[in-house]
Amino acid sequence: MRKPLIAANWKMYKIPAEAIDFTDAFLPLVANQEKTEIVLCPSMTSLGVAIAATKGTQVHIGAQTMHWLDNGAYTGETSPTMLNAIGATHVLIGHSERRQYFNETDETVNMKLKSALAHKLIPIVCVGEQKAERESGHTNDVLQQQLSIGLQGIDPAIATPLVIAYEPVWAIGTGLTATPQIADDAHKFIRAQIAELLSPAIAASTRILYGGSVKPDNAASLCCLENIDGALVGGASLDPISFAQIIANSS
Ligand code: G2H
């Protein structure tokens with residue numbers, strides 16, 4: 001049985017005071033929500049206040065990225081040990097905006113994933129095809145490549161916390177959403193790849209989230225499908241009421 005997971009990706013929004021305003025409004029709305037794992041991924045400067053504000057609640061805090069090394073001369077980077085030290089529990093890896101604007105590759109995704117698992121951070125690895133790749137019929141090739149490199153050399157013995165987010169790039173922040181059928185087909189393909197690359201048991205327990213213009217009114221139709229175990233939500237997670245509605249509508 002896979003516990004549904006709904007994660008908020010706040011991207012480069014919300015200063016610490018705004019993060020606190022959010023948690024003040026949001027926590028009472030999800031106080032009785034036991035069925036879903038809820039994760040907020042604020043920017044680095046709001047991680048600390050979000051962790052303090054959610055302490056003792058069932059809401060977890062994750063980072064939007066991290067370096068794979070524990071420390072070193074890497075100006076501007078944040079390490080897994082730093083995330084551990086402040087109490088972050090999850091981390092997004094390889095979001096398409098990181099791949100597009102910050103040169104992240106399947107190889108760096110792989111190094112980050114290994115590091116996150118070794119540091120007991122729950123990794124949410126993002127994959128997904130561009131519009132042209134879908135239109136030319138190459139969606140599965142792209143997913144296969146992202147996963148085979150991204151998951152290369154992962155020890156199945158420590159891979160159980162792995163979470164994958166399928167985010168078709170053409171649906172991110174565009175208002176376009178994959179139809180439930182498109183999303184479920186992609187998730188099914190991803191699960192089959194995980195079975196091949198890691199093991200059938202890990203494939204069966206891995207949560208695969210959908211991301212890309214998830215809103216309160218489309219959450220139910222996406223999240224109720226067999227292979228969809230939750231959502232990674234960008235724009236609609238910035239408002240506490242809308243994000244709480246997505247969680248309620250998905251369960
Ligand atoms: C995809 C998603 C969250 P949005 O980037 O990761 O954002 O819901 O705004 O499309």
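As the structure lists them, so they are numbered: ligands from 1, and atoms in each ligand from 1.
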Pair Asp184 + Arg191: basic N to acidic O under 4.0 Å:
no
Kindly determine whether Val163 and Thr206 satisfy side chain to side chain contact (heavy atoms under 4.5 Å, CB included), including the steps that lead there.
CA-CA 6 Å; Val163 179; Thr206 297; 5.8 Å; no
Within ligand 1, which atoms have a heavy atom of [X] less than 4.0 Å away?
X	value
Gly212	10 (O)
Ser213	4 (P), 8 (O), 10 (O)
Glu167	1 (C), 2 (C), 3 (C), 5 (O), 6 (O)
Leu232	3 (C), 6 (O)

Within the 3.5 Å criterion, strictly below it, is a donor on Glu167 or His95 matched to an acceptor on the partner's side chain?
yes
Would you kindly say whether Gln181 and Asp185 are connected by a side-chain donor-acceptor distance under 3.5 Å?
yes
Between ligand 1 and Lys215, can you find any atom pair, the residue atom being a heavy atom, that is separated by under 4.0 Å?
no
Look up atom NZ in Lys112 and atom CG in Leu69, then write down how far apart they are to the nearest 0.5 Å.
10.5 Å
NZ/Lys3: more than 12 non-hydrogen atoms of other groups inside 6.0 Å
yes
Which bit of Asn9 gets closer than 4.0 Å to ligand 1, counting heavy atoms only: side chain, backbone, both or neither?
side chain
Looking at atom 7 (O) of ligand 1, what's its closest protein heavy atom, distance included?
Lys11 NZ, 3.1 Å
Report the member of Cys126, Gly235, Gly234 with the shortest heavy-atom distance to atom 2 (C) of ligand 1.
Gly234
